[in-house]
Amino acid sequence: MSQQARHPHQAAEPETPNLDFAGTTPYEDYVKADVLTHLQHTLSDDPGEMVFLVTTQVMELWFTVIVHEWETAAHALRSDDVPTALAALKRSVRELEALNASWKPLGQLTPAQFNAYRGALGEGSGFQSAMYRRLEFLLGEKSASMLVPHQGVPRVHAELEKALHEPSLYDEALRLLARRGHPIPDSVLHRDVSARYEPSDAVEAAWTAVYAGDESDELARLGEALTDVAELVWRWRNDHLVATRRAMGAKPGTGGSAGVAWLEKRARKNVFPELWTARSHV
C-alpha cells in the first residue's frame, strides 16, 4: 500500500509556484514595485539622505490613501450612508497610525546628521506637498494662498482648486446633523467652504446633544470616529514639531517657512474643534 493510501487525509505536497513569465510578473504589473524602488535619487553623498527621502515618499503614499478614505467618507455622509463613512474613517485611523510611525526613522536625527544633506533640499519643504494640502482641505483647513506653489503644474493646481471649493469632511458631517434634526445655523450650512472653518457655539451645542444621548447612536459613533481622526492629526503635527525641533532647533525651515515657530502654531489648533469643546458640557 502506498504512503498516500495509508494516510488519505495527509495534505499533498505544495506545488512549485509558477516562476516563468514572458514579461514582467503579475505582482510587478499590479504593484509597480520596480517603479517605486527606482524613484530615489539622492542629491548628496551622505548615506542618511536615503532614509529621509524614502520616508518622505512613504508619507506621500499614506497621504494619498488617507485622502481617498476621507473623500469616500465625505461622499457617503452626503448620501446619508453613515456605515460606509464610519468604515472609511476607521480604516483611516489605522492608516494615520502608520503615517505617524513614519516619524520614527527621522525622530532621532541630530543637527549634524540633518545638516549633512539639508542643503540638498534647496527650497523644498513639506508644506509644498499637494497631497498633504488636499488632506488639510478635507479637515477644513482651507486657504486659497496654498494653491500658489502649484500654479506651474496645471493638473495639480486644478485638483487643489476643486478640493478648495468642495465641502470638507466636517462640513458634510454638520450637514448630516442638520438633516437629522439638529439646529445647525444657516451661516454654517451655507458658509463659503473655500474659507477656513471657524468654530460655532451652535455646532458645539449640537454635538453636546448628540453626546448626551444614546452612545450607540450613529451620530455619536460618527462623532467618536471623527475625534479619533482629529486626535491622530494632532499627534502627527506634534511629532512633526518634535522631530524638527530635534533636528534643527529654532532655525528657519526650508522653503522660507518659519520652521518650529510655524509648526508650534499648527500644533495648538484642534481639528473639528466643537467635538472637543462639547465634552465639557456633557
Side-chain angles (χ1 to χ4, degrees), residues 30-31 55 57-104 129 131-142 159 163 166-182 184 188 193 197 199 203-204 206-240 266-267 269-280 282:
Y30 184 72
V31 177
T55 301
Q57 291 175 337
V58 167
M59 287 178 176
E60 286 289 335
L61 291 174
W62 282 124
F63 295 158
T64 303
V65 176
I66 293 165
V67 164
H68 170 74
E69 302 286 22
W70 292 351
E71 287 181 342
T72 298
H75 295 156
L77 291 175
R78 195 175 307 155
S79 303
D80 290 288
D81 184 359
V82 178
T84 295
L86 286 172
L89 291 171
K90 288 178 180 178
R91 287 193 302 270
S92 81
V93 165
R94 299 291 173 246
E95 293 148 11
L96 280 162
E97 289 172 342
L99 169 65
N100 291 359
S102 300
W103 286 117
K104 291 190 179 296
S129 165
M131 194 57 71
Y132 183 70
R133 193 55 46 202
R134 284 178 62 181
L135 184 150
E136 288 274 345
F137 283 0
L138 278 161
L139 294 173
E141 292 290 330
K142 302 285 189 77
E159 289 175 352
E166 288 180 336
S168 71
L169 174 60
Y170 197 49
D171 286 320
E172 295 294 1
L174 298 183
R175 292 176 182 187
L176 175 68
L177 260 63
R179 293 195 299 274
R180 296 288 178 90
H182 291 275
I184 306 297
V188 173
V193 296
Y197 178 81
V203 170
E204 178 186 276
W207 281 119
T208 300
V210 167
Y211 277 110
D214 183 356
E215 288 188 350
S216 65
D217 180 76
E218 271 191 340
L219 294 182
R221 288 188 286 122
L222 174 62
E224 285 301 273
L226 290 170
T227 303
D228 288 340
V229 165
E231 178 181 335
L232 286 166
V233 170
W234 178 82
R235 292 185 185 279
W236 157 267
R237 291 174 176 174
N238 276 272
D239 287 351
H240 188 182
R266 299 288 297 148
K269 292 199 68 174
N270 279 329
V271 177
F272 314 147
E274 297 92 347
L275 279 167
W276 298 99
T277 56
R279 296 165 194 274
S280 301
V282 178

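Everything numeric in this text was worked out from a predicted model, so none of it was measured. Nothing fancy with the numbering, it's 1 onward along the sequence. Because only heavy atoms are used, hydrogens play no part in the values below, and waters and symmetry mates are left out as well, while side chains stay in.
Within the 4.5 Å cutoff, the side chain of Arg180 has heavy atoms near those of the Val82 side chain. The closest side-chain heavy-atom distance from Thr277 to Asn270 is not below 4.5 Å. Annotation: side chain of Leu77 is not in contact with side chain of Arg175 (no heavy-atom distance under 4.5 Å). Residues Leu99 and Glu95 form no side-chain contact, since every pair of their non-hydrogen atoms from C-beta on lies 4.5 Å or further apart. You'll find the side chain of Glu218 stays beyond 4.5 Å of the side chain of Leu222, heavy atoms only. The closest side-chain heavy-atom distance from Trp236 to Met59 is below 4.5 Å.
Ser168 places a side-chain N or O within donor-acceptor distance of the main-chain N or O of Asp171, the cut-off being under 3.5 Å. Put simply, the side chain of Trp276 gets close to the backbone of Val271: a donor and an acceptor are under 3.5 Å apart. Distance alone, capped at 3.5 Å, is enough to place a donor-acceptor pair between the Lys142 side chain and the Val193 backbone. Between the His68 side chain and the Thr64 main chain, no donor and acceptor come within less than 3.5 Å of each other.
Expressed to the nearest 0.5 Å, how far CG of Leu275 lies from CD of Glu204 amounts to 10.5 Å. Remark: Tyr197 OH to Glu274 CD distance equals 3.5 Å, nearest 0.5 Å. Note that the CG atom of Leu89 and the CG atom of Asp228 stand 9.0 Å from one another [nearest 0.5 Å]. The structure places CD of Glu172 at 10.0 Å from CG of Leu138, a figure rounded to the nearest 0.5 Å. Considering CG of Asp217 and OH of Tyr211, their distance stands at 11.0 Å, rounded to 0.5 Å. For the atom pair CH2 (Trp62) and CG (Leu135), the distance works out to 13.0 Å, reported to the nearest 0.5 Å.
The number of heavy-atom neighbours closer than 6.0 Å to CZ of Arg94, taken from other residues, nucleotides and ligands shown, is 12 or below. Counting heavy-atom neighbours within 6.0 Å of Glu215 CD, excluding the residue itself, gives a total of 12 or less.
Nearest heavy-atom pair, Thr55 versus Ser102, reported as atom, atom and distance to 0.1 Å: CG2-O, 3.1 Å. Of all non-hydrogen atoms in Gly223 and Trp207, the two that sit nearest each other are CA-CZ3, 3.7 Å. The shortest heavy-atom contact between Arg221 and Ser216 is NE-O, 3.1 Å. Between Ala173 and Leu226, the shortest heavy-atom contact is CB-CD1, 3.8 Å. In terms of heavy-atom proximity, Leu232 sits nearest to Asn100 at O-ND2, 3.1 Å. Nearest heavy atom pair, residue Leu169 against residue Ala73, reads CD1-CB, 3.9 Å.
A salt bridge links Glu224 with Arg279: the closest approach of a Lys/Arg side-chain nitrogen to an acidic carboxylate oxygen falls below 4.0 angstrom.
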Step by step, work out the side-chain contact (heavy atoms from CB on, under 4.5 Å) result for Asn238 and Arg235.
CA-CA 5 Å; Asn238 276 272; Arg235 292 185 185 279; 5.7 Å; no
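Taking the six-membered ring where the residue is Trp, Tyr170 and Phe272 present parallel rings, their angle staying beneath 30° rather than reaching 60°.
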